[in-house]
Amino acid sequence: MGIKELLSQYGDQYISALFTTWKLTFFAFAIAFVIGVIVTVMRISPVKPLRIFAEFYVQIFRNIPGASLLMVLVYALPYLDVLLSYFTCVLIAASLIPAAFCSEYLMAGINTIGTGQIEAARSLGLTFMQIIRRVVIPQALRSSVLPLTNLLVATMLTTALASQVPMNPRDLTGLVAHINTHAVGGVTAFLISALMYCATAVVIGQIGNRIDRKVRILR
Amino acid sequence: MRDKRTSVKDALFEPPGPKTQKIIWAVTALSLAALAALIVVVVRRFYETGQLDSKYWSIFTKWTTWKFLGKGLLGTLEAAVVAGIVTFAVGFILMVLRISGSIIASAVSTALIEFTRGVPTLLFIYFFFLVVPKFGVKLPAFWKICLPVSISACGVVAEVLRSGVNAVPKGQKEAAQSLGMMPHSVFLKVVFPQAFRFVVPALISELVIVVKDTTFAYVVNFPDLMQNAKVLISNYDALLSVYLVVAVIYIVINWLLNRASVAAAHRTGK
Amino acid sequence: MPEKTIGTGSNDIPVIQLKHVDKHFGSLHVLKDISLSVKKGEVVVIIGPSGSGKSTLCRTINRLETIDSGEILIEGVKMPQEGKELARLRAQIGMVFQSFNLFAHKTIIDNVILGPMDVLHKSRKEAKEEAMQLLKRVGVDSQAEKVPAQLSGGQQQRVAIARSLAMHPKAILFDEPTSALDPEMIGEVLDVMTELAREGMTMLVVTHEMNFARRVASRVIFMDGGSIIEENTPDEFFSHPKSQRAQDFLNSIKDH
């Protein structure tokens, strides 16, 4: 199938697939960030059980393969009378895993601050919350711009899990599988999706780089 | 000095005074209760839906189950190792092209690196599963999973290797050149071995991603751990338990790999 | 600027007082029954071999290290253990660290005004005006808009001193302020400290700079193995050390 034919027949579906991938990516990343922050707060808290729980979370979800998690969510949970829509399952899988990495990056960002600055803030008479607000969060966020940018791209790649479940509309990967099993899409069908992914990744990378250059902390 | 011994994680909260200590104890007790409640809820769910029934778990007392899963695990490891080697080889070539100094080679390599980094593994898998056969190329299932996984990871590996090469001090290269070594042997014998040592931890981390990506082997019908788990599920009526056990196996393998990566990082001095 | 007049009435209460302070790191007894006091306007210099506990001692006064037993009093008020009261008392005692510890994400001027704005609740304008004067006083006013990483170690440490001064502290603790500096930068920091001492600032200084101790100290305290071994005027201490350990220590550094 030539590219013209392909686009005339599947053009609309490509557009909606692109938006589905974007939508999944955006929501998954937003959820991952929130969970990542919460998990990080638990990990630095002086409360042992919370620390252990958060550490457990990170180790489980940075090591579980996306496919394995998705299988559990889609096929195993119904046995526990937990029925989730396919979209929800993909969204959960694509946010729980990046959340673990998000916490790792934030922890790394916090660790670059060094204990000295925290002691200096303390000796100036800043309270705990002031230290968190004025010293820890700004530095941790500014030094994790690049890792979080990469995480956003990784989240997008993870949303390809959507192709493993019947979803309507399909995502970019699911659409390619669909076209190729129903018509002769060939290399072109694959390339269109691939380029859409790539273009998104490049744009995200560019924006991330620009932000990083603006806020990077000299050390 | 002393302040370098404690990590920021521990320094953030100063040694608590008596009042703070009481609050910490209270929150600790509260969170323990919450976690216990969570466990109770989950276990009760399992119990009420009958998932704790021994018929779902008894298959794990059978030697044949573990043998079958072990076979799948072997398939996973085989695919991961081969894919890892291919990834490294392709990544190495891409890295050499990128730093070759030739504008064209560098541009092509950069484009390939960006392309492989921006496309999900699953899309490559579908390419090899659905598109490649249409050109009359008959690949065994093993390669239908290994190749896409390698392609998907090689861009990252190329960049990791490049960062390692950049980290080797210039003086090393200059010293080797002053001994009259040829450029390619300077690179292969002096620069790259050092660069490799720097990036061993990052390469092991990338191997974790390779292992994870091989779980899609069921798409191409290659008998890896996940695929064998699916076979097990269709033979026995024990979906939940099998998927959970398999997930735990994957988590443990990758956790061990990550531990190895951390240990390697300590040995090379970060 | 601190008042030059050293009052007689309040002079009886030491600015900093430690009573029978003990501290362990695990099985290591790092502070053994330490008692000392620093009066208003005094410059007390603590010297001793590394590992003698002098740095730990300095840090306990700001509760950057906790103590196992004993008392630490600031102007007769017992050091609180937590909360707002602790923060308030910390704000009254300045601290200058070995590794400067400037806030990496803030400009020099923002480093200096953070405390006055957030803790003393001054307006930005007011804090900034004073901060500029302080930066001028330590000789780095031309660097005000740069970030710490763009400054030399000596400049960073002088900014750290200005940051402490901006809080109008009752005393400043110096924890080996020149130990992380290149030799050519030590002088510029010691000059600022000497100037402060001359203006009547109450100071507790942990240092290896014997010349500074000799010239500036009102009193020298020699520590070894977690105990105060000797306490004397600099003249007496350096010319006639009483204890064997102090003699050994002074001889060992003379060799260098």
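- With rounding to the nearest 0.5 Å, the separation of OG1 in B/Thr121 from CG in A/Leu161 is 10.0 Å.
- Summarising the geometry, atom CD1 belonging to A/Ile118 is positioned 11.0 Å from atom CD belonging to B/Glu14; distances are rounded to the nearest 0.5 Å.
- Neither the backbone nor the side chain of B/Val248 comes within contact range of chain A; no heavy atom of the residue lies under 4.5 Å from a heavy atom of that chain.
- For B/Arg259, the CZ atom sits in a loose shell: 12 or fewer heavy atoms of surrounding residues, nucleotides or ligands are nearer than 6.0 Å.
- Side chains of B/Phe46 and A/Leu80 form a contact here, defined as non-hydrogen atoms less than 4.5 Å apart.
- Among A/Phe61, A/Phe53, A/Tyr79, the residue with the largest count of heavy-atom pairs under 4.5 Å with chain B is A/Tyr79.
- With a 4.5 angstrom heavy-atom cutoff, B/Glu48 does not touch chain A via any of its atoms.
- A 6.0 Å sphere centred on CZ of A/Phe26 holds no more than 12 heavy atoms belonging to other residues, nucleotides or ligands.
- Neither the backbone nor the side chain of A/Gln117 comes within less than 4.5 Å of any heavy atom of chain B.
- Options A/Ser45, A/Gly174, A/Pro46 differ in how many heavy-atom pairs under 4.5 Å they form with chain B, and the most are formed by A/Pro46.
- Inter-residue side-chain proximity for B/Leu123 and A/Val176 is flagged as met; some heavy-atom pair is nearer than 4.5 Å.
- Contact of the A/Leu191 side chain with the B/Phe127 side chain is not registered, since no non-hydrogen atoms from C-beta on lie closer than 4.5 Å.
- Residue A/Thr173 forms a side-chain contact (heavy atoms from CB on, under 4.5 Å) with just one option from B/Ile125, B/Val119, B/Leu122, and that option is B/Leu122.
- Only the side chain of A/Val136 comes within contact range of chain B, judged by heavy atoms closer than 4.5 Å.
- Note on B/Val252, B/Val208, B/Asn258: by heavy-atom pairs under 4.5 Å with chain A, the leading option is B/Asn258.
- Looking at B/Phe135, the atoms closer than 4.5 Å to chain A (heavy atoms on both sides) all sit in the side chain, from C-beta outward.
- The side-chain heavy atoms of A/Ile132 and B/Leu12, taken from C-beta on, include a pair separated by under 4.5 Å.
- Using a 4.5 Å cut-off between heavy atoms, A/Met107 touches chain B through its side chain atoms alone.
- When B/Leu130, B/Thr215, B/Leu239 are compared by the number of non-hydrogen pairs under 4.5 Å with chain A, B/Leu239 comes out ahead.
- Heavy-atom contacts from other residues, nucleotides or ligands closer than 6.0 Å to CZ of A/Phe87 number more than 12.
- Residues A/Lys48 and B/Leu32 are not in side-chain contact: their nearest non-hydrogen atoms beyond the backbone lie 4.5 Å or more apart.
- B/Val246 has its side chain out of reach of A/Met71: every pair of non-hydrogen atoms, C-beta onward, lies at least 4.5 Å apart.
- With contacts defined as side-chain heavy-atom distances shorter than 4.5 Å, the pair A/Pro65/B/Val211 does not qualify.
- Pairing each heavy atom of A/Ala76 with each of B/Leu240, the nearest pair is O-CD1, 3.2 Å.
- Interface remark: A/Ala201 contributes side-chain atoms only to the contact with chain B (heavy atom separation under 4.5 Å).
- Here the NZ-CD1 distance, from B/Lys212 to A/Ile64, works out to 9.0 Å after rounding to the nearest 0.5 Å.
- A distance-only check finds no donor-acceptor pair linking the side chain of A/Arg62 to the backbone of B/Trp255 [under 3.5 Å].
- The minimum heavy-atom distance between A/Val187 and B/Val131, with the atom names listed, is N-CG1, 3.8 Å.
- Listed options A/Leu50, A/Val153, A/Thr159, A/Thr40 were ranked by heavy-atom pairs under 4.5 angstrom with chain B; first place goes to A/Leu50.
- A/Cys198 is not listed as a side-chain neighbour of B/Glu114, based on a closest heavy-atom distance of 4.5 Å or more.
- Only the side chain of B/Tyr126 comes within contact range of chain A, with heavy atoms under 4.5 Å apart.
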